[in-house]
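Chain letters run A, B, ... following the sequence lines, proteins first and then strands; every chain starts at 1.
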There are 2 protein chains.
Amino acid sequence: MTTRPFHHGNLRAVLLEQGEVMLRETGVDGISLRELARQAGVSHGAPRSHFVDKQSLLDALAERGFDRLTHRVTAVAAQGATFTDRFRAVGHAYVDFAVGDAALMELMFAAKIDDPPEPVQQAAGRLFQTFDELLEGDAGVDAAAEEARWRFKLMFASTMQGTATLIAARRITPAQGQTVVDDAVDMMLASALGREVLQRG
Amino acid sequence: MTTRPFHHGNLRAVLLEQGEVMLRETGVDGISLRELARQAGVSHGAPRSHFVDKQSLLDALAERGFDRLTHRVTAVAAQGATFTDRFRAVGHAYVDFAVGDAALMELMFAAKIDDPPEPVQQAAGRLFQTFDELLEGDAGVDAAAEEARWRFKLMFASTMQGTATLIAARRITPAQGQTVVDDAVDMMLASALGREVLQRG
DNA sequence: ACCTGAACACCGTTCAAGT
DNA sequence: ACCTGAACACCGTTCAAGT
């Protein structure tokens, strides 16, 4: 009780918290389970009780990343007065997140040989769900509108994702990235597909 | 001369060749310098003569990846009859490459804390250069057109990059990705920015 | 110039043992 | 249920030595 007042049931939380910090400071390659255990003041075998292996910890970090990003996107979308405002704000929030947490972003969208584990996939699903809600009109949906909305959403997501990747990889600057997002939003809203999606009521 | 007929001066090439295979089969995390040396039939210290460390090998692989992608994009662009054809073909070639060599693509566009090494950066520059050439008209360029072209190119690159990332991360299917590219090309060509960039002669 | 092989420090993972 | 600590196999890197 006095010898270990700290790690009574919250080692898991500490590992995740420090894992995020380590990710930011050293990148994915710099993450070490043993170093994390050292920082937490436990033996190197201790993390095993909460994460079966290293990948399991990385998956948990990715899952948290998706939830955090979803939260931010939702918050930002709620503030926008007009549809255009919300659209643009979400794009910028997405890119900002990717710039501030590049290594985490990379972990979230890492190339996988087989499907990501269920919890991660569901967390990613919740993010894309907020994009859907951004686009949802009040009118009942017919099949054609559904299809257009789906394609519109995908293009928006691709543009944001690509901008984020190019910034993180240092192929373009953050300022250039924001320009891309603005241009893309303008273009999409003015396009035929955009007008089809946005006619409502 | 008889004891080592094979690795006389081409160990470097063998390591790069096998490195690409290993990348495709096991992903970046699966790449091991010692395993590569084993496959090449040399001691684990041998690679040191050609690559100072593991990162140096990865950089060389990324550089080769950029050059290979550039080559493909150039070839595909040369075949297109109309501007629209070329544009669309380049987009598809880019995404195809990313699907076929997801781990390599990830290596090429990995999040970096500091700038990538010069040779890699130059190889990436050559790729983006081919995008420029795709968009270049015959008329002399004024500043406004230059700016519009720059933004147009960046948006195109971002969309392709994002589509590629989302496919590799298994968030969307390859078929969905191709739809995104087609939609984006149509939208960009029909947009105000696109018309500004494309008025030529 | 290129490669060998021992040495070193560091990993992730496993598992019996403790509390 | 959670953590310890030894053990194992595997790394990347360094470096004196060989050819």
Q) Quick one: R12(B) CZ to dA1(C) P, roughly how many Å, whole number? A) 16 Å

Q) Salt bridge between R48(A) and D53(A), side-chain N to carboxylate O under 4.0 Å? A) no

Q: Taking only heavy atoms on the protein side, list every residue of residues 25-39 of chain B lying under 4.0 Å from any atom of DNA chain D, sorted numerically.
A: I31(B), S32(B), L33(B), R34(B), R38(B)

Q: Verify whether one side chain among D59(A) and Q55(A) offers a donor that lies under 3.5 Å from an acceptor in the other.
A: yes

**Q.** Ring geometry between F109(A) and F66(A) (parallel below 30°, tilted from 30 to 60°, perpendicular above 60°)
**A.** perpendicular

Q: Kindly compute the distance separating CD (Q176(B)) from OG1 (T163(B)), expressed to the nearest 0.5 Å.
A: 10.5 Å

**Q.** Euclidean distance, atom CG of residue L57(B) to atom P of dG12(D) [Å, nearest integer]
**A.** 10 Å

Q: Using a strict 4.0 Å threshold on nitrogen-to-oxygen distance, state whether R64(A) and E17(A) make a salt bridge.
A: yes

Q. Just how far, in rounded Å, is P of dT14(C) from CZ of F51(A)?
A. 16 Å

Q: Tell me whether the OP1 or OP2 atom of dC2(D) has a side-chain N or O from S49(A) closer than 4.0 Å.
A: no

Q: Give every residue pair that meets the salt bridge (Lys or Arg N to Asp or Glu O under 4.0 Å) criterion with at least one member in residues 74-84 of chain B, sequence neighbours excluded.
A: none

**Q.** Base dA1(C) to side chain H50(B), donor-acceptor N/O within 3.5 Å cut-off
**A.** no

Q) Between D114(B) and R170(A), is the closest basic N to carboxylate O distance under 4.0 Å? A) no

Q | Proximal nucleotide (of dT13(D), dC2(C), dG12(C)) relative to the K54(A) side chain | A | dG12(C)

Q.
I want to check one thing: is the phosphate of dT14(D), taken as OP1 and OP2, less than 4.0 Å away from some side-chain N or O of R48(B)?
A. yes

Q: Under 3.5 Å for both distances, Watson-Crick or G-U wobble, that's the pair rule; now give the dot-bracket for DNA chain C, with | marking pairs to another strand and [ ] for crossing ones.
A: ||.|||||...|||||.||

Q. Does the side chain of D85(B) come under 3.5 Å of the side chain of Q79(B) through a donor N or O and an acceptor N or O?
A. no

Q: Starting from C1' on dT14(C), measure out to CG on D53(A) and report it in whole angstrom.
A: 12 Å

Q: Could you tell me the separation between the NE2 atom of H44(B) and the P atom of dT13(D), rounded to a whole number of Å?
A: 12 Å

(Q) Check this for me: does any side-chain nitrogen of one of R88(A) and D186(A) sit under 4.0 Å from a carboxylate oxygen of the other? (A) yes

